[in-house]
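Input: a single structure, listed below in structure tokens.
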Amino acid sequence: MLHPSHSFRQTWELILILVTTYASVEVPLRLVMGYPAEGWILYLDFMVITIFGVDIIINFRTAIIVDGRLVSDPRTVAIKYLRGWFLIDFLAAVPFDLILIHSIGQPEADLARLISPTLLRALRMLRLIRLLRLVRLAQLLHRLGHRDLLNPAIMRLIFFGFWVSLIGHWVGCGWVAIGGIPDAPDPVTGYVRGIYWAFTTLTTVGYGDITPQTIHQTVYAIITMIVGAGMYGYIIGNVAHLLANIDVAKAHFRQKMENVNAFLRYRHIPAELQERIRNYYNYLWESRLGYDEFSFLKDLPRSLQMEVALSLNKDILERMPILKGAPAGLVREIVLNLSPQVFTPGDTIFHYGDPGREMYMISQGTVEVLGKSREHIATLSDGQFFGEVALLFHAPRNATVKAIDYCDIYSLDRQTFEEILNRYPQFASSVREMAENRKGKARSEQ
Ligand code: CMP
């Protein structure tokens with residue numbers, strides 16, 4: 001399965017942005033200019049369709065992030081995709097217009113003589129289905145905006161210019177299509193005058209030199225004015241939002257990301273490592289709005305720390321089979337001494353043979369236990385623990401443990417672990433039993 005932030009996937013998304021932009025400009029343009037799909041235009045058409053088709057296959061083969069966790073099981077990925085974007089991607093990838101036009105068996109240029117203009121127009125309109133991809137374009141641009149290619153404010157300005165130009169183009173094409181420019185000497189002049197009308201109307205300038213003549217055009221002009229007013233509202237709303245920084249958490253997080261990015265650039269950190277660091281912060285944002293529990297807890301008085309820690313970690317403790325029915329004192333002791341850690345996919349939590357200083361409890365995520373020669377021993381996930389063998393037997397780590405996806409893990413240091421075992425012999429014996437078992441298994445695997 002392809003990782004969503006793999007460099008191939010990112011390059012592919014850039015190609016998709018270019019191709020979708022081309023389709024969204026060319027499709028309405030061809031409708032109003034009426035030129036046939038021949039020669040290089042036909043080749044470009046095939047290229048667009050092929051890329052959209054290949055994208056469907058790639059989507060089936062790309063792991064997805066659900067609630068901040070990486071899902072790479074092909075079945076789950078396929079089900080999610082089929083239930084989500086598949087229909088849109090599929091409809092946009094099928095060249096209904098080309099199939100129908102070519103099934104008639106005549107070059108497109110000759111069709112005008114064979115079928116009625118209305119039917120030909122309807123056939124060509126089928127091409128508009130390809131514009132369904134625009135919904136995806138918005139999503140791709142949003143992701144591109146998170147990639148720190150440019151200053152975020154400049155990026156937002158570029159996106160804004162992009163959408164305004166695209167909307168102007170469509171509105172202009174629509175105006176030409178409904179006969180808003182009847183006396184144009186040639187299609188290019190007609191198109192340019194259509195765009196001129198679109199921008200004067202959208203920006204509410206309205207010189208009034210091109211006015212609606214029919215009822216359809218009047219309705220179209222009214223809708224365009226409403227869209228134009230809406231766009232203004234949107235711009236003003238956005239600017240106000242930016243200025244007021246209403247979303248404090250986000251502003252705080254963005255500031256932090258800008259500092260991190262500046263540091264990464266300044267110290268020339270390798271691109272792949274930069275990507276992992278950014279992914280880590282994005283995960284922090286998605287899973288806990290960028291707040292760091294540890295420093296938050298540290299500022300509280302001890303009594304409150306206990307209550308907050310209990311409430312924060314209630315879920316993980318309830319999910320740990322080994323703590324089922326454990327005395328309240330034991331749970332409290334563990335809770336107060338847990339330190340949260342986040343690991344990103346592929347991180348090694350510790351290596352075989354490292355000295356053991358702490359044990360770990362998985363709150364969320366999956367880790368892989370690998371033997372001395374990196375052979376797979378086990379997979380552990382939510383509610384399970386690891387790293388206890390080295391502490392119990394005062395031995396080096398008997399396996400390497402790697403994070404498979406984003407993992408929220410709590411660690412418990414050796415001293416607290418030993419104190420707890422001394423104080424709670426029943427708990428100690430179940431941990432020891434499990435450790436003996438694992439130790440034996442790990443040895444027999446090697
Ligand atoms: P430790 O030896 O401290 O570090 C490696 C950890 O991997 C080990 O503790 C166990 O917690 C865990 N581990 C080793 N073998 C197995 C196994 N067979 N099944 C599950 N976990 C294991």
Side-chain angles (χ1 to χ4, degrees), residues 69-73 276 280 283 294 309 313 315-327 330-331 333-446:
R69 296 184 54 197
L70 189 77
V71 177
S72 42
D73 165 43
R276 282 176 59 191
Y280 162 71
Y283 175 72
F294 193 62
N313 301 331
D315 286 357
I316 160 183
L317 297 174
E318 278 170 1
R319 257 184 281 138
M320 290 203 60
I322 199 142
L323 287 179
K324 280 259 151 67
L330 166 66
V331 174
E333 200 127 349
I334 293 181
V335 158
L336 259 189
N337 290 288
L338 290 177
S339 356
Q341 301 192 14
V342 173
F343 294 95
T344 59
D347 283 354
T348 301
I349 299 168
F350 53 70
H351 287 101
Y352 176 92
D354 281 355
R357 294 196 187 89
E358 50 211 347
M359 68 158 295
Y360 301 85
M361 298 177 179
I362 309 174
S363 166
Q364 228 182 51
T366 312
V367 300
E368 190 179 18
V369 182
L370 302 166
K372 191 176 179 182
S373 19
R374 300 192 73 77
E375 73 281 9
H376 173 90
I377 296 184
T379 305
L380 305 173
S381 60
D382 304 9
Q384 291 180 291
F385 62 87
F386 59 91
E388 78 294 2
V389 179
L391 302 195
L392 276 172
F393 302 101
H394 299 277
R397 299 289 188 197
N398 72 2
T400 295
V401 178
K402 255 180 89 175
I404 296 182
D405 53 16
Y406 284 95
C407 292
D408 277 329
I409 292 184
Y410 289 87
S411 63
L412 196 65
D413 65 83
R414 174 192 282 270
Q415 197 189 344
T416 322
F417 179 70
E418 283 174 355
E419 276 171 21
I420 290 174
L421 291 193
N422 286 337
R423 222 164 308 144
Y424 298 93
Q426 213 173 343
F427 175 67
S429 68
S430 36
V431 173
R432 199 160 281 131
E433 192 185 325
M434 192 127 176
E436 293 277 7
N437 204 348
R438 286 175 167 182
K439 198 172 139 206
K441 264 200 215 154
R443 198 176 298 135
S444 64
E445 302 263 351
Q446 282 154 25

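As the structure lists them, so they are numbered: ligands from 1, and atoms in each ligand from 1. None of the values given here were measured: they were computed from a predicted structure.
Remark: the Y424 side chain and the Q426 side chain contain no N/O donor-acceptor pair separated by less than 3.5 Å.
Residue contact check: F386 has heavy atoms under 4.0 Å from atoms 11 (O) of ligand 1. Under a 4.0 Å criterion applied to the non-hydrogen atoms of A378, ligand 1 contributes the atoms 19 (N), 20 (C).
Evaluated by nearest non-hydrogen atom to atom 9 (O) of ligand 1, the leading choice among L392, V389, V369 is V389. Scanning N398, T379, V367 for the heavy atom closest to atom 8 (C) of ligand 1 points to N398.
E436 contributes no side-chain N or O that, together with a main-chain N or O of E433, makes up a donor-acceptor pair within less than 3.5 Å. Listed for the R397 side chain is no donor-acceptor partner under 3.5 Å among the backbone atoms of A390.
Contacts between I377 and ligand 1 below 4.0 angstrom, taking non-hydrogen atoms only, involve the side chain exclusively. Counting heavy atoms closer than 4.0 Å to ligand 1, residue A390 contributes atoms from both its backbone and its side chain.
Ion pairing between a basic and an acidic side chain is recognised when a charged N comes within 4.0 Å of a carboxylate O; E418 and R414 show such pairing.
Residue contacts with ligand 1 include F350, since one of its heavy atoms falls under 4.0 Å from the ligand. Put simply, no part of G356 is less than 4.0 Å from ligand 1, judged by heavy atoms.
F386 and Y360 have parallel rings, their planes meeting at less than 30° on a 0 to 90° scale where 60° marks the start of perpendicular.
The shortest distance between side-chain heavy atoms of D347 and R276 falls below 4.5 Å.
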